[in-house]
Amino acid sequence: MKRNKTLIALLGLAGSGVCQQPLQAADTAGKERPNFVWLMAEDVASHFVGLYNEGKGAQTPNLERMAREGVVFNNAYSNAPVSSAARSTLITGCYAPRLGVSWHRKLEEVPMPEGLDMFPAYLRRAGYHTSNAAKTDYNCFLDPNAWDQVKGKMGEWRNRPDKEQPFFFVRTNAACHESCLHFSAEKMESKMTEHNPEDVNLLPFHPDTRTFRYSYATFYDKIKQVDQELGTLIEMLEEDGELDNTFIFYFGDNGGCLPGSKGYTGETGLKVPLVVYIPEKWRDRLLLPVGSRTDGFVSFMDFGPTLLHLAGVDVPEEMDGTPFLGADISAADLAKRDAVYGYGDRFDELYAFNRTVRKGNMKYSRNFLPYHPKSLFAAYRYKQLAFCEWEELYKEGKLTEIQKRFFEPQGPEELYDLSVDPFETCNLANDPAYAGELRRMRGLLKENLVSKNDLGLLPESIWLEEGSSNPTGYGKQSHHRIKRLLDVADLQLFPYESGRRKAEKSFLSADCAERCWALTACVWWGERDAKLSGQVEKMLSDPSALVQSRAAVYLAVVEGKNPVDAMKRSLRQARTGAETLWILNDMAYLKNRNPEWDFSLTDEDVLVKCQGADWRVDYLK
């Protein structure tokens with residue numbers, strides 16, 4: 001266990017074993033410990049909150065009060081840009097892709113790593129009452145020891161049997177969930193917003209239209225609605241005489257829900273507001289001044305360890321996060337925290353394997369399906385009028401260069417200097433002046449992928465089939481395989497002439513994942529080569545349906561061959577729902593590329609289904 005240096009003469013209470021029986025409150029006589037309350041606002045990036053943008057954005061008077069009596073974190077990250085992956089990070093304190101919990105929504109629940117509990121279990125073992133109101137949305141099995149009440153209601157701490165018992169309470173407010181922007185054109189005409197659409201702070205990659213302005217204003221209204229509940233929560237704590245002893249965390253559960261934000265690993269999808277109220281009893285015990293702001297980087301991996309640290313509980317070694325509040329953590333310590341990692345895998349039916357690292361002001365993104373546009377259809381995203389309008393304006397040629405990038409191939413690498421380009425509008429990856437910076441950031445990310453045994457290098461169907469009973473252990477066993485697959489995937493970063501022979505060698509690999517990555521590089525290169533095309537043609541009969549599908553993509557993109565029959569054959573050979581979803585995703589990309597290809601499917605074509613498959617089938621019609 002990591003030795004907890006924090007808070008005063010608190011206690012060393014937490015045991016390290018997994019408790020299978022109901023947890024009993026520890027003897028806490030004479031030991032004062034703080035309470036913790038979390039208010040999670042769904043789908044809110046800091047970019048849409050006035051507190052973070054010189055007053056431009058949603059007006060949140062209660063959050064501003066918390067800021068005056070607490071600490072504002074300018075660089076807080078959810079690590080993943082969508083709820084179940086972000087919340088799985090939050091509850092485990094871990095890098096989600098090594099646990100197999102970064103795919104949204106889960107096709108299978110998976111177990112926690114051996115020897116690790118969800119972090120509230122350690123608080124319970126230390127005598128805390130833990131309650132959740134009421135969303136969980138984890139991609140791993142629920143830890144039975146984590147919560148006294150997992151489906152509670154607002155103010156659930158009031159139901160703890162001993163009113164002297166410290167508590168941890170989590171509230172999720174869904175008022176600003178992306179579904180709030182699934183309004184009709186009729187509603188836009190008939191319902192006025194509280195925030196003035198003319199005053200909204202449009203991001204540079206969004207077109208300036210009435211639909212977008214109305215969407216912003218509606219979203220601002222919903223964020224303000226959550227702020228009203230924050231005020232209610234503070235009042236309840238005051239009524240109970242608990243406010244002076246309660247740390248309150250306000251944050252978004254992932255980035256914002258306006259088009260191009262939630263579900264995407266740009267800053268607006270990963271960066272969340274975080275304000276922590278510091279209670280009166282603890283202000284002279286912490287080194288951070290109340291009313292301050294910090295630029296130090298914190299992420300969802302760190303939230304659980306921070307609560308354990310403040311409670312005087314040792315942080316398990318198995319967690320990846322590190323505390324960012326405590327009696328031993330100063331503003332100078334926080335300022336040294338200058339790196340954070342992000343990840344995106346599957347969002348509903350959309351496969352999008354992206355990894356990011358931010359180091360200081362430099363942001364590097366690695367897109368492992370480089371020929372895909374970020375805009376590839378996902379049914380839930382395109383329920384927004386603004387999303388649909390954005391796509392229509394692109395098709396009509398009415399967008400600026402910055403606004404249309406979302407609909408064009410994303411490329412394998414992106415590099416941004418956020419000090420001058422906070423909205424990631426100017427990709428520096430091909431700028432010779434930044435070649436050294438690109439190599440440095442690429443190396444940082446690659447080291448993290450390998451050291452964490454990132455399961456994203458394996459198609460979801462493979463690691464679920466081979467390792468779903470213990471994804472973390474499976475990742476460790478697959479360490480050398482993951483490193484080899486990353487090397488093959490990185491052929492995308494080299495010119496065709498440099499990578500062709502290595503790709504051809506990988507075509508002969510016994511590992512179907514390696515064959516898939518070699519084909520992916522070839523699609524990106526887009527080079528016509530008779531010898532290569534002949535080899536790929538043979539792969540239409542590969543034993544793996546995944547390889548067949550990716551081979552059909554190559555022949556369609558590079559050779560212009562109609563892929564419909566080949567794709568349907570591979571689809572009928574899919575053995576699992578995850579394989580079906582992979583192939584349907586390839587089909588969706590090809591339909592997006594050439595709407596003339598008719599991918600209409602029957603029940604005889606889709607023999608093995610899973611969640612999300614029907615959305616893809618509907619789109620392909």
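Side chains are part of it too, since the values below use all heavy atoms of this structure and drop only hydrogens, waters and symmetry mates.
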| request: Could you tell me whether the side chains of Thr306 and Asp302 share a donor-acceptor contact shorter than 3.5 Å? | output: no
| request: Among Asp253, Asp137, Asn254, find the one that has a side chain to side chain donor-acceptor pair (under 3.5 Å) with Arg87. | output: Asp253
| Okay, side chain of Asn585, backbone of Tyr351: is any donor-acceptor separation there less than 3.5 Å? | yes
| field | side chain to side chain contact (heavy atoms under 4.5 Å, CB included) between Arg293 and Leu51, intermediate numbers included | value | CA-CA 11 Å; Arg293 299 180 81 118; Leu51 178 67; 4.1 Å; yes
| query | Looking only at atom types and distance, does a side-chain atom of Asn75 sit under 3.5 Å from a main-chain N or O of Asp295, one as donor and one as acceptor? | reply | yes
| task | Under the side chain to side chain contact (heavy atoms under 4.5 Å, CB included) rule, what do Asn201 and Phe48 come out as? Steps first, then yes or no, please. | result | CA-CA 8 Å; Asn201 188 33; Phe48 307 115; over 6 Å; no
| query | If every non-hydrogen atom of Tyr382 is compared with every non-hydrogen atom of Glu391, which pair is closest and at what distance? | reply | CE2-OE1, 3.8 Å
| request: Kindly give the heavy-atom pair with the smallest separation between Phe212 and Thr209, and that separation in Å. | output: N-OG1, 3.1 Å
| message | Around atom CG of Asn430, are there more than 12 heavy atoms from other residues, nucleotides or ligands closer than 6.0 Å? | response | no
| Over-ring placement of Arg358 relative to Tyr416, 6.0 Å and 45° cut-offs | no
| Between Asn361 and Asp417, do the side chains contain an N or O donor and an N or O acceptor separated by less than 3.5 Å? | no
| said: Assess, by modelled atom type and distance only, whether the side chains of Thr246 and Asn35 contain a donor and an acceptor separated by less than 3.5 Å. | reply: yes
| remark: Sorted by chain and residue number, the side-chain hydrogen bond (donor to acceptor under 3.5 Å, both in side chains) partners of Ser84 (sequence neighbours excluded) come out as His104, Asn139
| field | Any side-chain heavy-atom pair of Gln403 and Leu393 under 4.5 Å | value | no
| said: For the NZ atom on Lys398, are there more than 12 heavy atoms of other groups (residues, nucleotides or ligands in this structure) within a distance under 6.0 Å? | reply: no
| query | ring pair (Phe, Tyr, Trp, His ring centres under 6.0 Å) with Phe406: which of Tyr264, Tyr394, Phe205? | reply | Tyr264
| query | Are side-chain heavy atoms of Ser365 and Asn354 found at a separation under 4.5 Å? | reply | no
| CD-NZ distance between Gln410 and Lys374, expressed to the nearest 0.5 angstrom | 4.5 Å
| Whether Asp244 side chain and Glu280 backbone form a donor-acceptor pair below 3.5 Å | no
| Just by modelled atom types, is the Ala379 backbone N or O under 3.5 Å from a matching donor or acceptor in the Glu349 side chain? | yes
| Under 3.5 Å, is there a donor-acceptor pair between the Ser215 and Gln384 side chains? | no
| Any side-chain heavy atom of Val101 within less than 4.5 Å of one from Thr92? | no
| field | Glu69 bridged to Arg283 by N-O distance under 4.0 Å | value | yes
| said: Classify the ring geometry of Phe168 against Phe119: parallel below 30°, tilted from 30° to 60°, perpendicular beyond 60°. | reply: tilted
| How far does CZ of Phe324 sit from CD1 of Ile329, to the nearest 0.5 angstrom? | 9.0 Å
| request: Would you kindly say whether Arg337 and Thr294 are connected by a side-chain donor-acceptor distance under 3.5 Å? | output: no
| remark: By side-chain hydrogen bond (donor to acceptor under 3.5 Å, both in side chains), Glu437 pairs with (sequence neighbours left out) Arg440
| query | Got a donor-acceptor contact below 3.5 angstrom from the Lys106 side chain to the Tyr138 backbone? | reply | yes
| message | Given 3.5 Å as the limit, does a donor-acceptor pair link the side chain of Asp618 with the main chain of Lys621, or not? | response | no
| query | Side-chain contact, heavy-atom cut-off 4.5 Å: Met40 with Lys135? | reply | no
| query | Mind checking whether Phe368 and Phe353 have parallel, tilted or perpendicular rings, split at 30° and 60°? | reply | parallel
| side-chain hydrogen bond (donor to acceptor under 3.5 Å, both in side chains) against Trp157, all qualifying residues, sequence neighbours excluded | Asp240
| Would you say the side-chain atoms of Tyr364 and Glu413 include a donor-acceptor pair closer than 3.5 Å? | yes
| message | Looking only at side-chain N and O atoms, does Asp227 offer a donor or acceptor that is under 3.5 Å from a partner on Tyr250? | response | no
| said: Using side-chain heavy atoms (C-beta onward) and a distance below 4.5 Å, is Tyr95 in contact with Asn448? | reply: yes
| task | Evaluate the side chain to side chain contact (heavy atoms under 4.5 Å, CB included) criterion for residues Ile234 and Arg65: first the C-alpha distance (whole Å), next the side-chain angles of each, then the deciding distance (0.1 Å), finally the verdict. | result | CA-CA 10 Å; Ile234 293 171; Arg65 171 193 168 181; 3.4 Å; yes
| For the student: nearest non-hydrogen atoms of Cys176 and Cys257, plus distance | O-SG, 4.0 Å
| query | If we only count heavy atoms from C-beta on, is the Leu39 to Phe249 side-chain gap below 4.5 Å? | reply | no
| said: Can you tell me if Glu401 has over 12 outside heavy atoms packed within less than 6.0 Å of its CD? | reply: no
| message | Between Met587 and Leu601, does the side chain to side chain contact (heavy atoms under 4.5 Å, CB included) criterion hold? Intermediate values first, please. | response | CA-CA 11 Å; Met587 286 182 169; Leu601 301 171; 4.2 Å; yes
| said: Checking Phe251 against Phe73 for the ring-ring contact (aromatic ring centres under 6.0 Å, His included) test, could you report, in this order, the C-alpha distance in whole Å, the side-chain angles of both residues, the deciding distance, and whether it holds? | reply: CA-CA 10 Å; Phe251 55 97; Phe73 290 80; over 10 Å; no
| task | Please step through salt bridge (charged side-chain N to carboxylate O under 4.0 Å, His left out) for the pair Glu424 and Lys271, ending with a clear verdict. | result | CA-CA 13 Å; Glu424 300 161 283; Lys271 196 173 182 182; over 6 Å; no
| Regarding Arg593 and the six-membered ring of Tyr589, is the cationic atom NZ or CZ under 6.0 Å from the ring centre and inside 45° of its axis? | no
| Check: Asp320 side chain, Cys94 main-chain N or O, donor-acceptor pair, under 3.5 Å | no
| said: Test your reading of the model: is there a side-chain donor-acceptor pair from Arg381 to the backbone of Pro259, 3.5 Å cut-off? | reply: no
| task | For Asp345 and Pro97, work out which heavy atoms get closest and say how close. | result | OD2-CG, 4.3 Å
| request: Answer yes or no: does atom CD of Glu396 have more than 12 heavy-atom neighbours from other residues, nucleotides or ligands under 6.0 Å? | output: yes
| query | So, Asn592 side chain and Leu376 main chain: donor-acceptor pair closer than 3.5 Å or not? | reply | no
| field | Asp221 and Thr193 side chains, donor-acceptor separation under 3.5 Å | value | no
| said: Give me the atom names and distance for the closest heavy-atom approach of Gly256 to Phe219. | reply: CA-CZ, 4.4 Å
| Nearest atoms (heavy-atom pairs only) where Ala352 meets Phe347 | CB-CE1, 3.9 Å
| task | Taking Tyr77 for its side chain and Gly342 for its backbone only, find out whether a donor-acceptor pair lies under 3.5 Å. | result | no
| request: Tell me, please, whether Tyr619 has Lys591 positioned over its six-membered ring: NZ or CZ under 6.0 Å from the ring centre and within 45 degrees of its axis? | output: yes
| request: Indicate whether any N or O donor in one side chain lies under 3.5 Å from an N or O acceptor in the other, for Asn79 and Thr89. | output: no
| Sole residue of His195, His206, His47 in ring pair (Phe, Tyr, Trp, His ring centres under 6.0 Å) with Tyr216 | His206
